[in-house]
Chemist: 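If you scroll down you'll find the structure; I have some questions about it.
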Number of protein chains: 2
Amino acid sequence: MASHGARGRSGGRPTLEEVAARAGVGRGTVSRVINGSPRVSDATRAAVEAAVAELGYVPNTAARALAANRTDAIALVVPEPETRFFAEPYFSDMLKGVGSELADTEMQLLLIFAGSDRERERLAQYLAAHRVDGVLLVSVHADDPLPDLLSQLEIPAVISGPRSAAESLASVDSDNYGGARSAVEHLLARGCRRIAHITGRLDVYGAQRRVDGYREALRDAGVAVDEDLIEAGDFTEDGGRRAMRELLRRAPDVDAVFAASDVTAAGARQVLREAGRRIPEDVALVGYDDSAIARHMEPPLTSVRQPIEEMGRAMIDLLLTEIADRRPAASRGLERHQVVLATELVERTSS
Amino acid sequence: MASHGARGRSGGRPTLEEVAARAGVGRGTVSRVINGSPRVSDATRAAVEAAVAELGYVPNTAARALAANRTDAIALVVPEPETRFFAEPYFSDMLKGVGSELADTEMQLLLIFAGSDRERERLAQYLAAHRVDGVLLVSVHADDPLPDLLSQLEIPAVISGPRSAAESLASVDSDNYGGARSAVEHLLARGCRRIAHITGRLDVYGAQRRVDGYREALRDAGVAVDEDLIEAGDFTEDGGRRAMRELLRRAPDVDAVFAASDVTAAGARQVLREAGRRIPEDVALVGYDDSAIARHMEPPLTSVRQPIEEMGRAMIDLLLTEIADRRPAASRGLERHQVVLATELVERTSS
DNA sequence: ATCACTTGTGGGAGCGCTCCCACACTACCT
DNA sequence: AGGTAGTGTGGGAGCGCTCCCACAAGTGAT
């Protein structure tokens with residue numbers, strides 16, 4: 001009967017079956033050509049490709065996903081309330097990298113927000129249902145249960161910013177240690193000796209590494225590390241203000257400040273101004289992130305740039321490899337799945 | 001044989017069929033409960049819901065998509081090279097709104113980049129294959145073929161920033177006209193009379209509306225519009241610098257500048273400084289967007305804030321309605337599918 | 001008691017793919 | 001000649017749903 005044909009015909013897009021009929025081959029053969037199997041003769045392949053082109057055939061994703069038990073989709077999980085991630089330039093730059101790398105693929109990108117408890121609940125269900133082939137995780141806290149859930153479910157995942165030196169998930173990070181070192185070495189070269197550091201949130205591994213870089217750069221230069229010159233911040237502007245006030249109280253002779261983020265530096269700058277300290281004459285200032293704020297600050301802020309777009313690309317690379325291997329890196333022992341990318345110090349007039 | 005059962009059992013998640021068996025009902029009934037059909041008795045519904053909870057059942061999206069010919073996914077199409085869209089705060093704020101509104105839904109969000117020609121080609125295929133139920137379109141140019149493609153394919157779509165007053169697609173926009181008016185009225189109230197305007201890209205409808213608001217605010221205040229005080233920009237910082245130089249040359253007596261974006265204002269500010277004009281004493285400055293740059297500028301920039309997060313939410317609302325109605329608004333005549341949201345002037349010390 | 005609805009329910013028939021087994025053919029060995 | 005591998009191909013079975021037809025049971029009018 002033509003009954004089922006009538007349905008398929010009316011406004012519908014061509015199916016595998018129709019391509020097969022047109023090319024005079026079987027369904028299996030068309031499937032093989034579509035999926036790039038080598039077990040097809042050149043002549044047959046050409047015939048099928050011609051039929052595909054003539055009919056404008058596009059595979060039905062849902063049917064494929066159902067039959068093959070894969071989704072051809074990856075999720076970028078965004079911890080929404082984390083304003084830091086949404087801050088310029090992190091989010092958009094990473095998305096640029098992710099997008100450009102994904103452009104060469106059949107993979108599609110899902111954006112999943114995991115802010116509220118309800119959203120996290122939904123995400124867990126989502127992952128349990130294996131509705132994506134892999135997950136990109138950004139700016140995760142040390143105590144976030146998500147990464148462990150992921151490795152437990154054996155879902156390929158890549159994390160940006162490992163939770164610790166012993167991160168079990170594949171990860172991509174910028175060289176926080178080296179970035180901090182370059183900032184401090186720059187200030188030392190400028191002649192500063194009383195260099196303070198306003199840290200980031202210390203439950204973020206990268207923030208710890210920046211402290212390490214700060215300490216060791218001083219040590220290696222033969223400058224004693226003064227604990228009074230280290231004040232905990234939280235990446236925010238407010239935290240920067242608070243920390244700077246504390247630093248001025250404890251160490252009035254401070255002659256440079258290395259802040260763990262640009263907005264933190266902006267907060268510090270305001271307090272320094274109010275205290276009558278000139279930048280950079282009295283106190284040199286260096287930030288981290290090289291955001292729009294750094295460029296537009298008065299004076300323009302020297303800052304450490306992270307190759308965020310490149311990090312996005314690297315994350316996709318890693319993830320696609322894991323998906324191809326069809327199992328998470330965690331179970332593969334200690335292969336090379338920790339990527340660390342170099343930072344760059346962008347010198348401006350604040351130092 | 002147990003052969004197919006073994007496959008389904010091992011590590012697999014429960015299927016509709018298993019839920020049905022557990023609840024002692026048929027497949028159809030479970031499907032009805034899952035999809036909220038009213039044609040189910042309360043007792044049966046309760047039994048099915050219990051079985052669902054016990055088994056931790058989650059419907060298979062692919063199977064549902066295949067059978068029902070819908071995807072439960074919407075796409076946010078991002079014209080990537082358009083740096084304006086990626087600029088703070090537009091992108092992240094809109095995403096926040098979209099995400100929060102989507103949290104109440106089963107819909108998932110796909111991010112599609114339509115920058116290069118190849119990406120656009122892929123997008124067209126994607127849409128032709130009806131792989132999403134609806135599309136969110138942001139910052140589209142007057143001559144972009146995408147919106148027309150969408151209405152031709154009869155895919156529900158909502159555009160942020162209509163292409164013209166006669167936009168046929170459903171749209172959400174902020175009140176560009178009113179926002180510009182409020183900025184100019186503010187400057188007039190401050191006593192300024194030689195108020196210049198650096199426009200945005202004039203192929204963007206919103207930029208035109210801002211010019212309209214500028215003109216009419218002056219006119220209504222009895223101040224003649226001097227064409228020499230209007231200079232075309234393009235939303236960028238560089239454009240702001242260029243335009244400001246031109247304005248200073250043509251109209252050295254300018255006492256206020258209303259810029260179509262904050263970064264444009266930043267560019268203008270730099271040129272004003274270099275020309276020795278003090279802000280706000282000699283020249284008052286007002287921007288548009290209320291971005292991070294506005295808050296951190298020296299002096300902090302008065303700016304027009306758009307309710308971007310709310311716009312994101314409104315877009316989702318509109319889109320979901322269209323999807324529910326299963327046909328694009330274009331074919332429904334001139335119903336109320338143009339949403340315009342109010343702006344707010346954030347006064348700071350630059351004016 | 002008969003007919004006509006209505007309400008709730010079960011289950012067959014697909015949706016468009018992929019997977020895999022079966023089968024022709026063609027080599028190339030013994 | 002009879003085996004033993006390959007190579008390329010067709011098509012059945014099934015993935016887990018939704019849709020819809022069939023049908024049982026209840027309700028009220030005739």
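Per chain, numbering begins at 1; letters A, B, ... match sequence-line order.
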Chemist: Between C1' on dG16(D) and CZ on R64(A), what's the gap in Å once rounded to a whole number?
Modeler: 18 Å

Chemist: Kindly indicate whether the side chain of P147(A), heavy atoms from C-beta on, has any atom under 4.5 Å from the side chain of L137(A).
Modeler: yes

Chemist: Kindly write out the residues that satisfy salt bridge (charged side-chain N to carboxylate O under 4.0 Å, His left out) with D144(A), not counting sequence neighbours, or none if the list is empty.
Modeler: R120(A)

Chemist: With the threshold set at 4.0 Å, does a side-chain nitrogen-carboxylate oxygen contact exist between E309(A) and R313(A)?
Modeler: yes

Chemist: Among all residues two or more places apart in sequence or in another chain, which pass the side-chain hydrogen bond (donor to acceptor under 3.5 Å, both in side chains) test with E17(A)?
Modeler: none

Chemist: Who pairs with A47(B) by side-chain contact (heavy atoms from CB on, under 4.5 Å), at least two apart in sequence or on another chain?
Modeler: none

Chemist: Can you pull out how bent the helix from dA1(C)-dT30(D) to dT30(C)-dA1(D) is, comparing the axes over its first five and last five pairs, to 10°?
Modeler: 50°

Chemist: Measure across L16(B) and S31(B) and return the closest heavy-atom pair with its distance rounded to 0.1 Å.
Modeler: CD2-N, 4.0 Å

Chemist: dG10(C) base to R32(B) side chain: any donor-acceptor pair below 3.5 Å?
Modeler: yes

Chemist: Rounding to a whole Å, what distance do you find between D72(A):CG and dT18(C):C1'?
Modeler: 12 Å

Chemist: Rounded to the Å, how far apart are L66(A) CG and dG14(C) C1'?
Modeler: 12 Å

Chemist: Distance check needed: dG12(D) P versus L16(A) CG, whole Å only.
Modeler: 15 Å

Chemist: Between G28(A) and V30(B), just flag the one whose closest nucleotide in DNA chain C comes earlier from the 5' side.
Modeler: V30(B)

Chemist: Counting any heavy atom closer than 4.0 Å, what does R27(A) reach on the DNA or RNA strands: base, sugar-phosphate only, or nothing?
Modeler: base

Chemist: Measure the distance from CG on N60(A) to P on dC17(D) and round it to the nearest whole Å.
Modeler: 17 Å

Chemist: Please determine if a side-chain N or O atom of T29(B) lies less than 4.0 Å away from the OP1 or OP2 oxygen of dT9(C).
Modeler: no

Chemist: Would you please test V58(A) and Y126(B) for side-chain contact (heavy atoms from CB on, under 4.5 Å) and show each step?
Modeler: CA-CA 9 Å; V58(A) 183; Y126(B) 207 92; over 6 Å; no

Chemist: Counting only heavy atoms from other residues, nucleotides and ligands, does the tally under 6.0 Å from CG of D117(B) exceed 12?
Modeler: no

Chemist: Looking at S31(B), I'd like to know whether one of its side-chain N or O atoms comes within less than 4.0 Å of OP1 or OP2 on dT18(D).
Modeler: yes

Chemist: Among residues 35-58 of chain B, which residues get a heavy atom nearer than 4.0 Å to DNA chain D?
Modeler: N35(B), Y57(B)

Chemist: Which nucleotide in the set dC19(C), dG16(C), dT18(D) lies at the smallest distance from any side-chain heavy atom of A68(A)?
Modeler: dC19(C)

Chemist: Got a sec, which residues hit salt bridge (charged side-chain N to carboxylate O under 4.0 Å, His left out) with E167(B), two or more places apart in sequence or on another chain?
Modeler: R163(B)

Chemist: In whole Å, I'd like the distance from the CD atom of E17(B) to the P atom of dC15(D).
Modeler: 10 Å

Chemist: What is the distance, rounded to the nearest whole Å, between atom CG of N69(B) and atom P of dC20(D)?
Modeler: 12 Å

Chemist: Could you tell me the separation between the CZ atom of R13(A) and the C1' atom of dG16(C), rounded to a whole number of Å?
Modeler: 9 Å

